[in-house]
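Just so we're on the same page: letters track the sequence lines, and every chain starts at 1.
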Amino acid sequence: MNRILILLFLSISFLGYNIKPEQFIARQGQISFFSYTTAENIEAKNNQVLSIIDLSNNEIVISMLMNAFVFKKSLMHEHFNDSYIESDLYPKATFKGKIIDFEPLTATQTKIVKGTLTLRGIAKEVEIKTTITKNNENFLLTGEFEIVVEDFNINIPPIVAPNIAKIISTKFRFEYQLYEK
Amino acid sequence: MKNNLLFTLISVLFGSIFSVSAQDLLDTLDKEYPDIPQYEIATFKTTRISIGQSIENRRKGVLQLMALNRYWNLADSNIQSFVADKASSRFAFEYAITDKLTTGGGWTTIEESYDAYLKYNVLRQRKNTKKSPLSISLFQNISYKGDRLIPDNDIDFNERLAYTSQVLIAHKFTPKFSLQVSPTFIHRSFSLSDSDPNNYFALGFGGRYKIADHVSLVSEYYYVANPITSIDTYGAFSLGVNWDVRFLQLQFQMTNARSMVEDGFILQTPNNFNTNDGNFVFGFNAIFSLHLLKKQL
């Protein structure tokens, strides 16, 4: 009986080593957001977004520094970080979620990514429609979604309200490679 | 009994091998961040704290057009002008040649002075690895005093010049609070009397406290080590509010300084700071930023 137990333990641990979860990382993901109003159009881009996809459970996490967003007009960068986002207090925005029904072997697919977006310490449940393309061993994720400014306690003073949209449209593009630890 | 134990052991093993939580992944991501310098921004937000210069420079290609105004009443006077007895204005521009170097020039009605300056940002306070605790900028100003000089009227160009050099040193303590120290050296080609020196040493102190997203409280004081002795002079002091509205920055201040050029307000402020007529000066500055070079996204 003891020998059977030992054999069982050994075989299970070997089983564990064979099924190694594959992780993919995007180191220079791009996120850009647009605010369209009749008074002014504002656009910013962040080329330093990090993300990891874990194929064992279809989990995806995204992390970015808010002060890495670049604006066409440089003074906007100061206002964005000092007055609106307050990036001294909340330096990063993160996303934790799952790709629903992800098929790792399909060439092109459109799936819903469901999870929590955390910005300025406030967490919001979001569902984002994502196009996933597989190229050799790399994945490309693109898509767009909307952020409601009010949801994250971003205070827009009435005097500038006509220049900043209440709903910001956001686009993303991540290219993933195999993650070698 | 033994079978139950086996079952739980197997399920625990399976569970521990296959679970990779999202929080672990986020922690892994945090370690993958490259070591890009994180500099402090918005130490003072404006390029002048209130009456004097701050360490801030605008980024390359930004042109600032500035109108600075001071209003004060005269003691013992019955002048019934609108708003105030006396007013003084300065019109200036500032252009950021590079991210670190700004040049500027201006014209002031009081003393009819023209001045030009350069401000160079030597060091920026850095947050992450290779921390630098201070932001340091160098400021050099040349000013030309156009109006009547005491005691003599016939003074040629060279003798109407003053040179101000400052080392501006600032530290942002919290997202809301910053302090600056400005050791200053001023050389004046002219002097009001023979007993006054031509070279002066001064020390400026300035601070900013953010009271709302776009509004901050600022204060400055300048101490002169070897002041002018032929007339009464006092240290320039200012208490004010800065308000940012998109590309327009407004600064309101209560001060005793009537001049808006460094050698003027640091050296020749004739009255102490209080609310009496003749002492109290109300000032407001409007700074408009134009982006002549826009970044490609």
Side-chain angles (χ1 to χ4, degrees), chain A residues 1 5 8-9 12-13 15-17 19 21 23 25 27 32 40 43-45 47-48 50-54 56-57 59-63 65 67-68 70-79 81-84 86-89 91-92 94 96-98 115-116 155-157 159-160 163 179 181, chain B residues 2 5-6 9-10 13-14 16-34 36 38-43 45 56 58-62 64 96 99 127-128 172 174-176 210 212-216 243-249 289-291 293-297:
Chain A
M1 187 51 192
L5 215 62
L8 209 57
F9 271 128
I12 287 170
S13 21
L15 206 67
Y17 282 127
I19 306 178
Q23 294 184 347
I25 186 166
R27 287 179 204 279
S32 45
E40 188 179 6
E43 186 186 341
K45 200 173 191 184
N47 282 339
Q48 299 166 32
L50 293 175
S51 176
I52 288 184
I53 296 179
D54 192 327
S56 64
N57 49 13
E59 282 200 358
I60 175 169
V61 290
I62 302 170
S63 177
L65 281 171
N67 63 15
V70 177
F71 292 77
K72 277 189 184 156
K73 295 188 179 181
S74 52
L75 197 58
M76 279 189 179
H77 177 259
E78 301 242 346
H79 287 316
N81 288 296
D82 185 53
S83 306
Y84 294 103
E86 293 179 286
S87 19
D88 280 339
L89 298 174
K92 291 184 183 152
T94 58
K96 286 191 277 205
K98 275 189 192 248
T116 319
N155 174 35
I156 298 180
I159 202 167
V160 293
N163 295 72
Y179 185 31
K181 286 192 211 197
Chain B
K2 275 191 189 166
L5 198 62
L6 194 63
L9 272 165
I10 291 170
L13 268 173
F14 268 116
S16 60
I17 289 166
F18 291 118
S19 76
V20 180
S21 77
Q23 192 52 47
D24 295 335
L25 282 181
L26 267 180
D27 293 336
T28 317
L29 263 188
D30 273 345
K31 295 190 202 118
E32 290 294 330
Y33 269 103
I36 294 177
Q38 300 288 317
Y39 293 114
E40 284 289 358
I41 54 159
T43 311
K45 210 75 174 282
E56 299 276 8
R58 291 278 86 93
R59 303 282 144 246
K60 183 176 176 178
V62 178
Q64 289 196 132
D99 279 355
K127 284 189 275 201
N128 54 357
K172 189 172 186 181
T174 75
K176 290 191 183 195
K210 192 167 144 190
D213 280 341
H214 299 264
V215 182
S216 49
W243 181 29
D244 303 313
V245 187
R246 288 181 66 229
F247 305 116
L248 185 64
Q249 292 171 322
S289 300
L290 271 174
H291 290 84
L293 290 174
K294 292 191 187 145
K295 289 193 186 185
Q296 295 299 316
L297 284 187

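At a cut-off of 3.5 Å, with distance as the only test, no side-chain donor of B:Tyr33 or A:Gln48 sits close to an acceptor on the other residue. In this model, a donor atom of one side chain and an acceptor atom of the other lie less than 3.5 Å apart for A:Ser83 and B:Lys45.
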Begin from the C-alpha positions of A:Lys96 and B:Leu25 and carry the test side-chain contact (heavy atoms from CB on, under 4.5 Å) through to its verdict. CA-CA 9 Å; A:Lys96 286 191 277 205; B:Leu25 282 181; over 6 Å; no
A:Ser74 vs B:His291, test: side-chain contact (heavy atoms from CB on, under 4.5 Å). Steps then yes/no. CA-CA 8 Å; A:Ser74 52; B:His291 290 84; 3.7 Å; yes
Could you walk me through whether A:Lys92 and B:Asp30 satisfy the side-chain contact (heavy atoms from CB on, under 4.5 Å) test, starting with their C-alpha distance in whole Å, then the side-chain angles of each, then the deciding distance to 0.1 Å, before giving a yes or no? CA-CA 10 Å; A:Lys92 291 184 183 152; B:Asp30 273 345; 3.1 Å; yes
Apply side-chain contact (heavy atoms from CB on, under 4.5 Å) to the pair B:Arg58 and A:Glu78, showing each step before the final yes or no. CA-CA 10 Å; B:Arg58 291 278 86 93; A:Glu78 301 242 346; 4.1 Å; yes
Run the salt bridge (Lys or Arg N to Asp or Glu O under 4.0 Å) test on B:Lys176 and A:Asp88 for me, step by step, so that the C-alpha distance in whole Å, both residues' side-chain angles and the decisive distance to 0.1 Å come before the verdict. CA-CA 9 Å; B:Lys176 290 191 183 195; A:Asp88 280 339; over 6 Å; no
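Taking all atoms of both residues into account, the shortest heavy-atom contact from B:Lys295 to A:Val70 is CD-CG1, 3.8 Å. Closest of all the heavy-atom pairs between B:Asp244 and A:His79 is CB-CE1, 3.6 Å. When all heavy atoms are compared, the tightest approach of A:Asn155 to B:Asp213 is ND2-OD2, 3.2 Å.
Of the two parts of A:Ser63, the backbone and the side chain both hold a non-hydrogen atom closer than 4.5 Å to a non-hydrogen atom of chain B. Neither the backbone nor the side chain of A:Ser32 comes within contact range of chain B; no heavy atom of the residue lies under 4.5 Å from a heavy atom of that chain. When heavy atoms are compared at a cutoff of 4.5 Å, A:Glu40 approaches chain B solely by way of its side chain, counted from C-beta outward. Residue B:Arg246 touches chain A through both its backbone and its side chain, counting heavy-atom pairs closer than 4.5 Å. Heavy atoms closer than 4.5 Å to chain B are found in the backbone of A:Ala44, but not in its side chain. Interface remark: A:Leu50 contributes backbone and side-chain atoms alike to the contact with chain B (heavy atom separation under 4.5 Å). At a 4.5 Å heavy-atom cutoff, the contact between A:Phe71 and chain B is made by backbone atoms alone. Contact annotation for A:Asn163: only side-chain heavy atoms (C-beta onward) come within less than 4.5 Å of a heavy atom of chain B. If you measure heavy-atom distances from A:Ile25 to chain B, the contacts under 4.5 Å come from the side chain alone. With a 4.5 Å cut-off on non-hydrogen atoms, B:Gln296 does not touch chain A at all.
A:Glu86 is not listed as a side-chain neighbour of B:Pro175, based on a closest heavy-atom distance of 4.5 Å or more.
Between B:His214 and A:Tyr84, the ring planes are perpendicular. Angles over 60° get that label, and only those under 30° would be called parallel.
Interatomic distance, B:Leu297 CG to A:Lys72 NZ, rounded to the nearest 0.5 Å: 6.0 Å.
Crowding of B:Lys127 atom NZ: a count of heavy atoms from other residues, nucleotides or ligands under 6.0 Å exceeding 12. Atom CG of B:Leu290 sits in a crowded spot, with more than 12 heavy atoms from other residues, nucleotides or ligands closer than 6.0 Å.
Among the candidates A:Thr94, A:Val61, A:Ile62, the single residue satisfying the side-chain contact (heavy atoms from CB on, under 4.5 Å) test with B:Leu29 is A:Val61.
With sequence neighbours excluded, no residue forms a side chain to side chain donor-acceptor pair (under 3.5 Å) with A:Lys98.
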